[in-house]
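Just so you know, these numbers use all the heavy atoms, side chains as well, and skip hydrogens, waters and symmetry mates. When a residue number appears, it is its place in the shown sequence, counting from 1. Please read these numbers as outputs of a predicted model, since none were measured by experiment.
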Amino acid sequence: MQNRRNFLKYLGLAGGAFTLPAAVTATPGINESGIYTLKGKVHSNGKGIAGVAVTDGVTVTTTKADGSYSFAGDKAARFVYISIPAGYEFPVDNGCAVYYVPITKKEGVFNADFKLNKLAVSDKKHAFVVWADTQIISKEDANLLLTQSAPDLKQLVAGYPAGTLMHGIGCGDLVWDHFELFEDYRQALKIAGIPFFNVIGNHDMDLDARTDDHSSDTFQKQFGPTYYSYNRGDIHYITLDDVFFIGKNKEYIGYVTENQLRWLEQDLALVKEGSTVVVSLHIPVESGAARRNNKKEELGGTVSNRKELYRLLSKFQAHIMSGHTHINEKVEMDNRMIHVHGTVCGAWWTGPICTDGSPNGYAVYEVDGSELKWYYKSTGKPKDHQLRVYPRGKVADKPDEVAANVWNWDPKWKIEWFEDGVNKGLMEQRVGLDPLAVELHLGAALPSKHPWVDPTLTDHLFYCTPSKEAKEIKVKATDRFGNVYMG
């Protein structure tokens, strides 16, 4: 309660007046239940900020020259919130960015002001990390998050030049159905020391809700809206809720609701065509899992109506961030790059790796203008830890082969091998199981903490067959940005 009071005090509550521009009103008819007015001002040091997007999740409007806004609030809306503009700090409360005010009055006028502080430096260059699936189910798991993952991120941040702007994205499954552990998650964010924006995952839902509409009640009390946007530098960031609860046990599908798509149409109408947008959601929009396993896509494994999302993103350069699968995977097509991230918890805190052999960890993105570069940061390992090489004998059915797992690989990487210092060319890419994942996860009794965890087929395994006389085998991995890693 104290945190909530401090947060509201930071944002402020006051009034303003503004006529809603027709160009950014909601689709006719969807706001018919509105019986009250949302109004206020977005300001910095007492001066209004023009052109800031303000929404209740149904209608999107913008502030006028003096920073004021006013529009009819939807009866079902829970928050009034802003898309934090570029050039301003992210307000923070208890580790999380705050950009919203809970709506407590739905008659007459509800006033909400938003106070922002101007950044002292340009945000054209900045960085962000994606923490996928911290997924803590117990105090034991929480302790690992607090003593290993959070300090690792804190150390990473400290390694950047002083003043570097960095924020985090908690990409869903922040906990594992145990909502009392949200406080431990927040404590981890405070240790890390950067503001986090959070995504709802399937394990962050209220499983006793009768419909999807109320499956996010607890999450929203903790972290605010489940879909929203913000800006930093030249990048427009969007968060969506793509976990649709079907009201049966723990079952869900990957699906973006009509309400969100209508909101997103309005949000993107305010973004310059050709801009880079970063979209974060929990369930991957796209995956190669069905291809690798030779079966149909699972409804809970990808977003069923992704074509509609792609249509809305067609005028932009899009990077789409997700977690959920506990593997690393990249899918590049047309104007979009799909990033499926290895997880902070790895294979549900059972050991040092995910089910595809990727180390427990997170992604780091470095932004320069509209361009992104990225790498995968393994928890407890240096930045250049980007591959693992297995000697002959480790691949059970191919005992004469050397294998390499290059977890952040995409088709623009180059994977070469050297025998006794001689370049032997490219390694052969094949779908397979990581040998360490087989050792740690394969079998009815493994891993002992969660025996149902199994190794997962992956595309980022590479193979070569050295001569019998070879004394030393080296693997050279060159990423899409020209960085070279040796293993």
Side-chain angles (χ1 to χ4, degrees), residues 86 90 119 121-132 152-153 155-171 192 194-197 230-238 271 274-280 284-286 313 316-323 327-344 358-359 361-379 381-387 405-416 459-460 476-487:
F90 296 144
L119 285 167
V121 298
S122 170
D123 56 1
K124 297 287 186 179
K125 288 187 177 182
H126 63 274
F128 66 96
V129 303
V130 177
W131 260 19
D152 186 271
L153 177 52
Q155 182 179 28
L156 175 92
V157 174
Y160 277 80
T164 299
L165 297 172
M166 185 175 291
H167 71 279
I169 298 172
C171 213
I194 59 175
F196 263 73
F197 294 85
Y230 57 98
N231 303 274
R232 174 140 283 182
D234 295 331
I235 310 298
H236 184 63
Y237 292 87
I238 299 163
V271 181
S275 298
T276 298
V277 298
V278 172
V279 181
S280 298
V285 287
E286 200 103 29
L313 296 174
F316 307 93
Q317 296 301 311
H319 291 267
I320 306 178
M321 311 294 176
S322 63
I327 65 168
N328 261 307
E329 183 175 16
K330 300 287 184 290
V331 181
E332 188 171 13
M333 54 180 68
D334 301 326
N335 66 319
R336 55 191 176 272
M337 185 78 180
I338 297 163
H339 305 257
V340 184
H341 298 93
T343 56
V344 174
S358 300
Y362 51 96
V364 183
Y365 293 83
E366 298 172 340
V367 181
D368 187 353
S370 62
E371 299 298 318
L372 273 65
K373 293 183 178 181
W374 56 87
Y375 61 92
Y376 187 79
K377 175 62 176 69
S378 304
T379 303
K381 300 288 186 180
K383 177 182 175 180
D384 63 359
H385 181 64
Q386 296 294 325
L387 69 158
N405 190 334
V406 187
W407 37 80
N408 211 36
W409 173 86
D410 66 58
K412 291 185 178 178
W413 284 56
K414 184 179 181 181
I415 314 300
E416 304 167 272
D459 292 318
H460 48 71
K476 177 183 178 181
T478 306
D479 72 12
R480 65 189 287 133
F481 308 113
N483 300 306
V484 175
Y485 308 103
M486 299 298 297

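To the nearest 0.5 Å, atoms OG (Ser358) and CG (Asn405) are separated by 6.0 Å. Here OH of Tyr485 is found 9.5 Å from OG1 of Thr478. Values are rounded to the nearest 0.5 Å. Of the inter-residue distances, the one linking Ser378 atom OG with His385 atom NE2 reads 4.5 Å to the nearest 0.5 angstrom. Atom CD1 of residue Ile194 and atom CG of residue Leu165 lie 11.0 Å apart, to the nearest 0.5 angstrom.
For His341 (side chain) and Ala363 (main-chain N/O), no donor-acceptor pair under 3.5 Å exists by modelled atom type. In terms of modelled atom types and a separation under 3.5 Å, the side chain of Asn408 and the main chain of Gln386 share no donor-acceptor contact. Formation of a donor-acceptor pair under 3.5 Å by the Thr276 side chain with backbone atoms of Ser370 is found in this model. No donor-acceptor distance shorter than 3.5 angstrom exists from the side chain of His126 to the backbone of Met166, with no hydrogens or angles considered.
Ring centroid separation for the pair His236 and Phe316 does not come in under the 6.0 Å cut-off. The six-membered or imidazole ring of Phe197 lies away from that of Tyr237, with a centre-to-centre distance of 6.0 Å or more. For His319 and Trp374, the ring centers sit closer than 6.0 Å to each other.
The nearest pair of heavy atoms linking Asn231 to Phe90 is O-CE2, 3.8 Å. Contact between Ala192 and Val157 at its shortest, heavy atoms only, is O-CG2, 4.5 Å. When every heavy atom of Trp407 is checked against every heavy atom of Asn328, the shortest pair comes out as O-CB, 3.1 Å. The two residues Gly361 and Thr379 make their nearest non-hydrogen contact at CA-OG1, 3.5 Å. Of all heavy-atom pairs between Ser322 and Ala132, the closest is O-CB, 4.5 Å.
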Original post:
Could you go step by step and tell me if Tyr160 and Glu366 meet the side-chain contact (heavy atoms from CB on, under 4.5 Å) rule?
Top reply: CA-CA 11 Å; Tyr160 277 80; Glu366 298 172 340; 2.5 Å; yes
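In this structure, Leu156 and Lys377 have side chains that are in contact, with non-hydrogen atoms separated by less than 4.5 Å. Looking only at side-chain heavy atoms (C-beta outward), Val278 and Arg232 stay at 4.5 Å or farther from each other. In this structure the side chain of His339 never reaches within 4.5 angstrom of the side chain of Val130, judged on heavy atoms. Looking at Leu387 and Ile415, their side chains never come closer than 4.5 Å, going by heavy atoms from C-beta outward.
Among residues two or more places apart in sequence or in another chain, the salt bridge (Lys or Arg N to Asp or Glu O under 4.0 Å) test is passed with Asp479 by none.
In summary, Lys412 and Glu332 engage in a salt bridge, as defined by a charged side-chain N under 4.0 Å from a carboxylate O.
Ring geometry, Phe128 versus Tyr365: the interplanar angle falls under 30°, so the pair is classed parallel (tilted spans 30 to 60°).
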